[in-house]
Amino acid sequence: MDTERLRQFQELIALEPDDTVLRFGLGELYIEAKDFASAAEQFAEILRLDPHYSAAYRYLGQAYAALGRASEAETVFQQGIAVAEARGDLQTAKEMQVFLRRLHK
């Protein structure tokens with residue numbers, strides 16, 4: 001894990017706590033590091049700040065699935081698909097539909 005990049009993101013977020021783009025970057029770093037609990041915190045906060053941020057649903061659902069929280073992942077994917085379709089973000093909606101199907105296997 002790139003601890004320097006992680007530290008930089010954390011410092012920037014301390015200065016700009018409502019910056020969803022910074023939080024998204026930090027969440028991706030946590031996913032790469034397989035720190036799914038920390039990733040879930042970031043993506044959940046993004047959705048609290050901007051409930052229309054469709055890509056955050058995708059990553060939050062993946063983090064929940066990795067944590068064994070399948071029912072929460074399913075709910076997040078379903079909400080995310082609806083948000084993504086409403087925004088015309090069809091690629092993200094399709095990706096979440098694939099993740100949703102995998103949950104049911």
Side-chain angles (χ1 to χ4, degrees):
M1 177 178 199
D2 189 341
T3 53
E4 179 60 23
R5 279 186 66 212
L6 185 63
R7 188 185 61 71
Q8 289 172 342
F9 269 100
Q10 290 168 332
E11 287 177 2
L12 289 169
I13 287 169
L15 297 172
E16 295 287 338
D18 293 345
D19 189 321
T20 55
V21 174
L22 285 175
R23 285 190 181 278
F24 196 89
L26 181 58
E28 285 183 313
L29 282 178
Y30 283 134
I31 293 270
E32 288 172 23
K34 305 214 180 312
D35 182 350
F36 299 109
S38 295
E41 288 175 16
Q42 293 305 314
F43 293 114
E45 181 62 12
I46 289 168
L47 293 174
R48 188 189 69 74
L49 293 164
D50 180 2
H52 302 291
Y53 201 132
S54 53
Y57 286 95
R58 175 179 167 241
Y59 281 102
L60 180 58
Q62 287 178 289
Y64 282 159
L67 290 167
R69 295 163 64 178
S71 65
E72 290 167 283
E74 181 176 352
T75 299
V76 167
F77 285 139
Q78 288 170 342
Q79 292 169 339
I81 290 165
V83 167
E85 288 176 345
R87 296 188 55 168
D89 188 358
L90 302 183
Q91 181 61 37
T92 301
K94 284 179 188 171
E95 290 169 3
M96 285 187 278
Q97 287 165 347
V98 169
F99 291 127
L100 191 56
R101 280 195 296 277
R102 287 182 190 158
L103 277 178
H104 294 291
K105 286 187 177 178

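The analysis underlying the following values was restricted to heavy atoms, covering all of them including side chains, and did not include hydrogens, waters or symmetry mates.
- If you chain together hydrophobic residues whose side chains sit under 4.5 Å apart, L67 and L100 fall into the same group.
- Grouping the Ile, Leu, Val, Met, Phe, Trp and Tyr side chains by contacts below 4.5 angstrom, directly or via other members, places L47 with M96.
- No side-chain donor-acceptor contact under 3.5 Å links D50 and T20.
- Put simply, F9 and I46 are part of two different groups of oily side chains (I, L, V, M, F, W, Y) that touch within less than 4.5 Å, one to the next.
- Annotation: the span from Q8 atom CD to T3 atom OG1 amounts to 10.0 Å, rounded to 0.5 Å.
- In plain terms, the two heavy atoms of E85 and A93 that are nearest each other are CG-CB, 3.8 Å.
- No donor-acceptor pair under 3.5 Å is formed between the side chain of R58 and the backbone N or O of T92.
- The minimum heavy-atom distance between L60 and A40, with the atom names listed, is CD1-O, 3.4 Å.
- Using a 4.5 Å heavy-atom cutoff, the side chains of H104 and R101 are not in contact.
- The CD atom of Q79 lies 6.5 Å from the OG1 atom of T75; values are rounded to the nearest 0.5 Å.
- Cluster annotation: F24 is not connected to L6 through the hydrophobic network of ILVMFWY side chains, with a link wherever side-chain heavy atoms come within less than 4.5 Å.
- Among E41, Q42, E16, E28, the one residue that satisfies the side-chain hydrogen bond (donor to acceptor under 3.5 Å, both in side chains) test with R23 is Q42.
- Rounded to the nearest 0.5 Å, atoms CD (Q10) and CZ (R5) are 12.5 Å apart.
- For the pair L49 and E45, the minimum side-chain heavy-atom distance is below 4.5 Å.
- Taken to the nearest 0.5 Å, the CD1 atom of I13 stands 4.5 Å off from the CG atom of L26.
- Relative orientation of the F43 and Y59 rings is parallel, given thresholds of 30° and 60° on the angle between their planes.
- Distance check: L103 CG to Q62 CD gives 10.0 Å after rounding to the nearest 0.5 Å.
- A donor-acceptor pair under 3.5 Å links the side-chain atoms of Y57 to the main chain of P51, judged by distance alone.
- Evaluation of the ring-ring contact (aromatic ring centres under 6.0 Å, His included) test over residues 70-102, restricted to residues two or more places apart or in two chains, returns F77-F99.
- In the hydrophobic clustering of this structure, Y30 does not group with Y64; members are Ile, Leu, Val, Met, Phe, Trp, Tyr whose side-chain heavy atoms approach within less than 4.5 Å, directly or through other members.
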